Amino acid sequence: MNGDDTDQDTTLDSQRFVDGAGGDGEQTPPSADEGDATDRDGEERPNDDEPTAGNSTDPEGEDPTDGARGGLGSAGVDFDSGGDDVDSSVLDDVMLDDVGSEDTEEASQGLFDDLLAGDPIFENKEVLRPSYTPRKLPHREEQINNMATILVTALRGDSPSNILIYGKTGTGKTASAKFVSTELESTSQKYEVPCEVEYINCEVTDTQYRVLAQLANKFIEKNEAVIDEELEELEDLRERARDDPAALADTEYDSVDAVEDRIEQLEDDRDSFEQVPMTGWPTDRVYSTFFDAVDYHERVVVIMLDEIDKLVEKSGDDTLYNLSRMNSELERSRVSIMGISNDLKFTDFLDPRVKSSLGEEEIVFPPYDANQLRDILEHRAEVAFEGDALTDDVIPLCAAFAAQEHGDARRALDLLRTAGELAERDQTDDVNEDHVRKAQEKIELDRVVEVVRTLPTQSKLVLFAIIMLESNGVHNINTGEVYNVYQRLCEEIDVDTLTQRRVTDLISELDMLGIVNAVVVSKGRYGRTKEISLSVPIDETEAVLLSDSRLSDIEDTQPFVQTRFDSDSS
């Protein structure tokens, strides 16, 4: 087949593609007797009669149906053929597709362009988060100095006394402890004293195994880093000593062999370390691994246990007992414990031996008042917000709201940050009193949602029963009415039904959490009863309850409640 024949075949194939295109733009397959056969997916399939010579290719082996090589567009159209035989609708389709894609890109960009149009309100939002540790903590100088006075012993190479820090949520306990710990570590580096602080959040790491495993793995990683650094120095020394033995003059090694012996020992030590898995080992093996890792070289270690009461509540005082007695067995290191708790009475449940060794020093953090909260917010706002982003009444209002919540600085910071976020969404130039009040409502609702979400199933059923009654217009609900609906709900999802006395206790617990309001009223000769009403938004609370997979199975309860009260009123 010569080159002219090939060009002719190609033109015919292209013409058939265009002429055979239907309304939906699909290609009409060529007949079975054509030399170059193509299936519906556009893939070449060889002709049965001429498997090799039947393919339409030019003398150089290029495929002329390729858009870039044969002058065809992406739709298979020969744009160089003069245009008389080309269906104009195909060209229209190509142009329309291109225009549509550009419009989509512009629309998606415009979505965020609008949101970024205004001037920014925040300069550094992270400053308003609880995890941020500021360089200055107003109104906590006394507590910080007390901690420093106790921990300065570590810089002399001795074991500091154990410290217990008490205070309500948001009184600056953790921030102050972290601030002092950072200063302690930086000062220890300045004076080249090996002193380390390890922080454990016992609300997350709440069992003895997890605490010991996390500590063991941290010290193993630190030991490996120390070994790697020393190995690098020794390997460099070995190379220099081989060329010039005088390189060993100011070292503890008298020969290259001694250096190599130390390198080999360090490599063996590094290979002996084994990370502790988060489950699976006996507790005594985990403790032994932690003990060996801490005592690998000389250092003073301060173990900071935040929310220490959660650890004791979940796992007892075994962890504290083991940690507080370590110093009598350690040879190279010294360990001190710093416990942080919201519960002033958690030590009442400790073993007397643990209590006496743990509570050597106690520091109490009192709640902030409104003026102190205002100072804290002003200090953070200088860094967190742009120039004049706050109106004059924002910080005083945030401080006043938080002072009502037992002087909680964390709540004040959350309020200020949320108010700023709401102002950003409104695309306003500043944060005003309105934003603070909306932020207060939002945070309160978020708190309710979190409390309701974490309730036990039985408490959720009791709360759901109260919601069903209020939704059907029942006021001054009594315990008996709640119990009747609660029983039906238990039947619906096949849950064991508690006694009415136990349900009364659950109602009291919901009252303590601020979810319901339960007031005991006298009915004269009929005795006393509790009148119950919801203290939270009904729609949002019901939505949270129904998000529980077990409660989402409840069916036909609404008609039951409605019928029951219709019949009572008739």
Side-chain angles (χ1 to χ4, degrees), residues 168-169 309-310 313-314 342-343 345 404-406 441 443-569:
K168 291 181 179 292
T169 301
D309 49 296
K310 299 291 194 300
E313 181 183 325
K314 180 78 178 286
N342 299 329
D343 185 357
K345 297 183 178 180
Q404 296 171 2
E405 298 283 336
H406 315 293
E441 294 174 5
I443 289 174
E444 185 60 30
L445 181 58
D446 290 345
R447 185 193 72 83
V448 169
V449 166
E450 182 61 23
V451 170
V452 172
R453 189 182 63 80
T454 56
L455 286 174
T457 300
Q458 291 287 356
S459 296
K460 286 182 178 179
L461 288 169
V462 172
L463 179 57
F464 200 88
I466 297 169
I467 288 175
M468 303 295 324
L469 291 163
E470 283 216 358
S471 297
N472 285 272
V474 182
H475 303 292
N476 301 325
I477 303 165
N478 61 50
T479 308
E481 291 168 334
V482 173
Y483 188 72
N484 286 338
V485 181
Y486 160 80
Q487 283 180 303
R488 177 60 185 269
L489 295 175
C490 289
E491 293 172 7
E492 287 285 345
I493 63 171
D494 194 22
V495 172
D496 292 339
T497 305
L498 302 178
T499 63
Q500 185 163 337
R501 184 180 185 83
R502 180 64 186 128
V503 168
T504 302
D505 291 340
L506 293 180
I507 292 172
S508 298
E509 290 175 11
L510 293 173
D511 184 25
M512 288 176 60
L513 291 170
I515 298 173
V516 303
N517 184 31
V519 181
V520 178
V521 296
S522 174
K523 295 292 185 180
R525 59 177 179 159
Y526 297 106
R528 295 188 304 170
T529 186
K530 277 186 177 179
E531 289 189 351
I532 306 155
S533 59
L534 277 175
S535 303
V536 293
I538 197 166
D539 293 336
E540 289 84 351
T541 308
E542 184 176 1
V544 175
L545 291 174
L546 290 176
S547 67
D548 187 319
S549 57
R550 299 194 70 181
L551 271 66
S552 63
D553 294 336
I554 294 175
E555 297 177 357
D556 302 328
T557 306
Q558 187 82 12
F560 161 77
V561 175
Q562 185 66 50
T563 302
R564 173 172 171 265
F565 286 102
D566 285 348
S567 61
D568 284 352
S569 60

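This one's a predicted model, so the numbers in the text were calculated from it and none came from an experiment.
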Between Asp505 and Arg502, is the side-chain contact (heavy atoms from CB on, under 4.5 Å) condition met? List the steps.
CA-CA 5 Å; Asp505 291 340; Arg502 180 64 186 128; 3.3 Å; yes
Determine, stepwise, if the pair Leu545 / Glu542 fulfils side-chain contact (heavy atoms from CB on, under 4.5 Å).
CA-CA 5 Å; Leu545 291 174; Glu542 184 176 1; 5.6 Å; no
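Once rounded to the nearest 0.5 Å, the distance linking CD of Glu470 with OG of Ser533 reads 6.0 Å. For the atom pair CD (Glu313) and CG (Asp343), the distance works out to 8.5 Å, reported to the nearest 0.5 Å. With rounding to the nearest 0.5 angstrom, the CG atom of Asn342 is 6.0 Å from the NZ atom of Lys310. The line from CD of Glu540 to CG of Asp446 is 10.5 Å long, rounded to the nearest 0.5 Å. Rounding to the nearest 0.5 Å places NZ of Lys530 at 12.0 Å from CG of Asn478. Atoms CG and CZ, on Asp494 and Arg550 in that order, are 8.0 Å from each other to the nearest 0.5 Å.
Glu491 meets the salt bridge (charged side-chain N to carboxylate O under 4.0 Å, His left out) test with no other residue; sequence neighbours excluded. Qualifying side-chain contact (heavy atoms from CB on, under 4.5 Å) partners for Arg453, counting only residues two or more places apart in sequence or in other chains: Glu450, Val544. Under the side chain to side chain donor-acceptor pair (under 3.5 Å) criterion, Gln458 pairs with Tyr486, sequence neighbours left out.
Using a 4.5 Å heavy-atom cutoff, the side chains of Leu534 and Thr541 are not in contact. Looking only at side-chain heavy atoms (C-beta outward), Val462 and Leu498 stay at 4.5 Å or farther from each other. Between Val452 and Val536 there is no side-chain heavy-atom pair separated by less than 4.5 Å.
Looking at every heavy atom in both residues, Ala465 comes nearest to Leu489 through N-CD1, 3.7 Å. Of all non-hydrogen atoms in Leu510 and Ser459, the two that sit nearest each other are CD1-O, 4.2 Å. When all heavy atoms are compared, the tightest approach of Ile515 to Val451 is CD1-CG1, 3.6 Å. Residue Ser535 comes nearest to Gly514 through the heavy atom pair CB-O, 3.4 Å, listed as atom of the first residue, atom of the second, then distance. Nearest heavy atoms, Asn517 versus Asp511: CA-OD1, 3.8 Å.
No donor-acceptor distance shorter than 3.5 angstrom exists from the side chain of Gln500 to the backbone of Tyr483, with no hydrogens or angles considered.
Results of the side chain to side chain contact (heavy atoms under 4.5 Å, CB included) test with Val485 over Leu469, Ile477, Val474 single out Leu469 as the only residue that passes.
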